[in-house]
Amino acid sequence: MDFELLHRLTTAFGPSGYEAAVRELIRKEVAPLVDEVEVTPLGTLIAHKKGSGPRLLLAAHMDEIGVIVSYVEDKGFLRFAPLGGIFPLYAIAQRVRFANGVEGVVAVERRKDESKPPALSEMYIDIGAPSREASPIRVGEPAVFVGETVRVGERIIGKTMDDRIGCYLLIDFLRRLRTSRFDLYVAFTSQEETTLSGARTAAFGIEPDMAVAVDVTLTGDTPKALPMAVELGKGPAIKVKDRGMVAHPRVRDAMVEAAEREGLPYQMEILTFGTTDAAAMQLARAGVPSGCLSIPCRHVHSPGEMVDVNDVERAVALLLALVA
Ligand code: CO
Ligand code: ZN
């Protein structure tokens, strides 16, 4: 694994709707590997590797969850709205960073009833500003959570495995790609965590014959987890369904066959909440047969998202087998 690349990807600033820094980093990596690189009006980066076969669209999202300032109080404390699915319990006491480098901490008001977890509306960001007038941050500025990416044995822990691990995986896929039976489009999408609009519009423009999202999924292998037949380190998961889609059987089966052919371990995924870019891509134009290849990930949408290196490498091998 190219941990140096993964580290750069996972620590770049890219809250949903503000992916420019991640996009430039990815553009430099993929431009030498493909025939054309294009950025859509909504900020999705599309790398095109020309071929004579049917059009296949692979997609991973560049954006990460974050917060956006909704109000600045007289004393300089910042109220915020979520950019994507923020769990209040995970937000408490986290450090956040704005685009201009200013950092703050998420704190909780004193509450009458402390038996229940606080809502985001009961929290504020303290950047140490003395007043609204003197605040270096204004309404409308987005921030991301702060967190290092570390490798612990076969596992990687970081704040943006969702879905920079997918971006990493597709870059690695392009680096290793030799032959493809497809006219191949690899999209690094914007705004998945908020609206899926980057993938939706990219799919409309490309008009693919088939689409596969690469994203993280939850696992059932932690204490008192929801019963779910996905574990870390047991291979990539081939999605059957989630809250936003039923994977097209042809796409799902093509991935299963590719894994079987290569002797790669894989798991079947049924996710009872959440969805991915695949849900939006399948709705482009008259409909696109779509599926999703998932990287099992613990503690999704926390600053400690954890994946297994072997799952990532097997997912790359599976995609290479799928297009061969
Ligand atoms: Co997510
Ligand atoms: Zn994701």
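In listed order, ligands and their atoms are each counted from 1.
Within the 2.8 Å limit, Glu192 places no N, O or S atom next to the Co ion (ligand 1). Residue Asp162: an N/O/S atom is found under 2.8 Å from the Co ion (ligand 1). The Zn ion (ligand 2) has an N, O or S atom of Asp162 closer than 2.8 Å. Because the distance cut-off is set at 2.8 Å, His61 fails to qualify as a neighbour of the Co ion (ligand 1), as none of its N, O or S atoms comes that close.
Taking the side chain as every heavy atom from C-beta outward, Ile156 and Thr10 never approach each other to under 4.5 Å. With a 4.5 Å cut-off on side-chain heavy atoms, Pro136 and Ile127 count as touching.
With the Zn ion (ligand 2) as the vertex, NE2 of His61 and OD1 of Asp215 span 110° to the nearest 10°.
Note on Glu193: its N/O/S atom closest to the Co ion (ligand 1) is OE2.
The CG atom of Leu83 lies 5.0 Å from the CD1 atom of Ile68; values are rounded to the nearest 0.5 Å.
Both cation-pi conditions hold for Arg132 and Tyr71: the charged atom is under 6.0 angstrom from the six-membered ring centre and inside a 45 degree cone around its axis.
Cluster membership for Phe204 and Val186, using ILVMFWY side-chain heavy atoms within less than 4.5 angstrom, is not shared.
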